[in-house]
Amino acid sequence: MATPLRSNRDFRLLWMSGLFAVLGSQMSALALPLLILKETGSAVQAGTVGTVSICAVLITMLPGGVMADRVERRRLMRLCDVGSLLAVTALTVAVWNGHAPMMLVLLVATAGAVLNSVYAPAAFGLLRAVVPPDQMGTATARLQARTATVRLVGPLVGGALFGIHEALPFTAQFLGLFLSTVCVALVRTRSAAHKKAGSVFSRDELTAGLGFLWQLPYLRTVLLVFGLGMNFAFGALTFTALAVFSEGGRSGLGGGFVITCVSAGALVGALLAPRLSPDRHIRALLVVTCWSCVLTAGVLAWLSSPLVAGLLCAVCMGLSTVASIGFLSTLLVVTPEDRVGRVQSAASFLSSIVQPFGPLAGGALLTALGPRNAFGVVGAVLAVSAAVMTLAPSVRSGAVPPPASPAAPEADAEEPDAPGQHEPAARPVPDAAGPHRPAPRPVPDAAGPGAL
């Protein structure tokens, strides 16, 4: 009989590790652009930090998955934690001394993004070893609830600390990373692929995760339609709502209410997911989420109310969170142990690559067509995605492991020791957040329903 999650020591340590790390990263995510703005007075330079981080994540995400399948995953997570601690320490000391050079800030932001690209797939592999398959849905939901809560609280705390002294948010991040490092160091379970990946920059290894996803029609369809199409369209929808209800920038109240509702919807969805068994009802959840987004776009095209917009977007985000948790649980269970890092990175890459373009498309549509037509076009894109998710035979059939992977069950049977079973030989998330990590995790976030 599997050990309950509440008694699973290593899962609790991973949960706490992510709590400390994500809280610190959320505080610094708000404080970092404020620091640059205060130091330079340039909004362009402040925005550059986020752009550099996103580019670094996208470039290193696939190599990070290969690395997670080559090195023992707990050891790799510890190395990433130490690297993040060193980077954040350098920034914290510089801010306390009264001057943080732009080059140092960019280096720290880039280092954090690169380390996260390695840490995240390693954490997913370790999570797979720590949690039995029948508890994966509940574990993923608890990780998501933790992260959604921190995302609501972290920026507020970071802003308050920055108001007292600009170095305090970064000091808090240092403490969070230190505690996260301690938690990972105390984890007993080890997770190493039985068949290690090859060269990190080999084309075959970089595309191995994408190849596995393409082999399974269910995974391929859901990631392309829900992960890319819906993520892109919902990003455009929320940005359009933000712009419209902020009255062109004259008031942040209405737009801020919509974004807050989106974050709250993610939290509520994560809290409800364990009771809804999302891994057992994944197709229904995906279909309902898609058509809910279509309905939301249609209502917003005719009814200009931030209250209605916020509530509808919250419902969409809540459903998306539950559906994404179910999908991630399925993905972790069907992926062979020796490829889990590369598959997780590939899924994250597909879900993340379109995120920067959704708001851009929403802004362009709003400028060219006006609010009603912009919502209408976005709704049409959402409707096409919803129709595919409803009618596609591959979505109906579910995730069936490819027949060309006979070694996968044997690898699973020899999986590294999990707590509660026997002693081992020696942080979504989906979300196992990494050091200095805002998480492009294949887990839902405020970007939209497709953020698997």
Side-chain angles (χ1 to χ4, degrees), residues 17-36 39 45-65 67-68 76-95 100-124 147 150-151 154-155 157-158 161-162 166-181 183-184 344-345 348-349 352 355-356 427-429 431-441 443 445 447:
S17 170
L19 175 69
F20 295 133
V22 177
L23 181 59
S25 68
Q26 287 296 303
M27 288 189 288
S28 68
L30 177 68
L32 203 55
L34 293 178
L35 175 67
I36 297 302
E39 290 266 341
Q45 292 190 44
T48 300
V49 178
T51 302
V52 168
S53 296
I54 292 173
C55 291
V57 166
L58 292 177
I59 292 172
T60 59
M61 194 175 287
L62 294 179
M67 182 68 72
L76 190 58
M77 292 167 65
R78 292 164 68 179
L79 291 173
C80 289
D81 271 331
V82 171
S84 293
L85 267 175
L86 293 175
V88 172
T89 299
L91 179 61
T92 303
V93 171
V95 177
M102 183 66 179
M103 185 57 65
L104 174 62
V105 173
L106 291 177
L107 286 174
V108 171
T110 302
V114 171
L115 289 169
N116 181 63
S117 295
V118 178
Y119 187 102
F124 271 87
T147 303
V150 171
R151 286 180 182 172
V157 177
L161 291 176
F162 189 88
E166 57 266 26
L168 288 178
F170 306 106
T171 304
Q173 184 186 17
F174 169 83
L175 293 174
L177 279 172
F178 177 77
L179 293 174
S180 174
T181 303
C183 289
V184 172
Q344 186 274 337
S345 292
S348 293
F349 181 79
S352 303
Q355 287 184 10
R427 130 190 72 12
V429 42
D431 177 79
H436 193 66
R437 43 225 184 246
R441 36 237 179 282
V443 293
D445 67 7

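Residues: numbered from 1 along the sequence shown.
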Check your understanding: What pair of heavy atoms forms the shortest contact from S17 to V184, and how long is it?
Key -> OG-CG2, 3.4 Å
Practice item. Mind checking the OG-CG spacing from S84 to L177? Nearest 0.5 Å is all I need. Key: 5.5 Å
Review point. With distance as the sole test, does S25 use its side chain to make a donor-acceptor pair with the main-chain N or O of V22 at under 3.5 Å?
Key: yes
Exercise for review: Please name the pair of heavy atoms, one in A122 and one in M77, separated by the smallest distance, quoted to 0.1 Å.
Suggested key: CB-CG, 3.8 Å
Check your understanding: How close do S117 and T60 get, heavy atom to heavy atom, and via which atoms?
Key -> OG-OG1, 2.8 Å
**Study point:** Atom pair OG1/CD of T89 and Q173 - distance to nearest 0.5 Å
**Key:** 9.5 Å
Check your understanding: Nearest heavy-atom pair of F170 and V88: which atoms, and what distance?
Key -> O-CG1, 3.9 Å
Exercise for review: Can you measure from CG (D81) to OH (Y119) and round to the nearest 0.5 angstrom?
Suggested key: 4.5 Å
**Study point:** Closest non-hydrogen atom pair, A68 against L76
**Key:** CA-CD2, 3.7 Å
Review point. Out of curiosity, L175 CG to S180 OG, how far, rounded to the nearest 0.5 Å?
Key: 12.5 Å
**Study point:** Minimum heavy-atom distance between L161 and A172, given as atom pair plus value
**Key:** CD1-CB, 4.2 Å
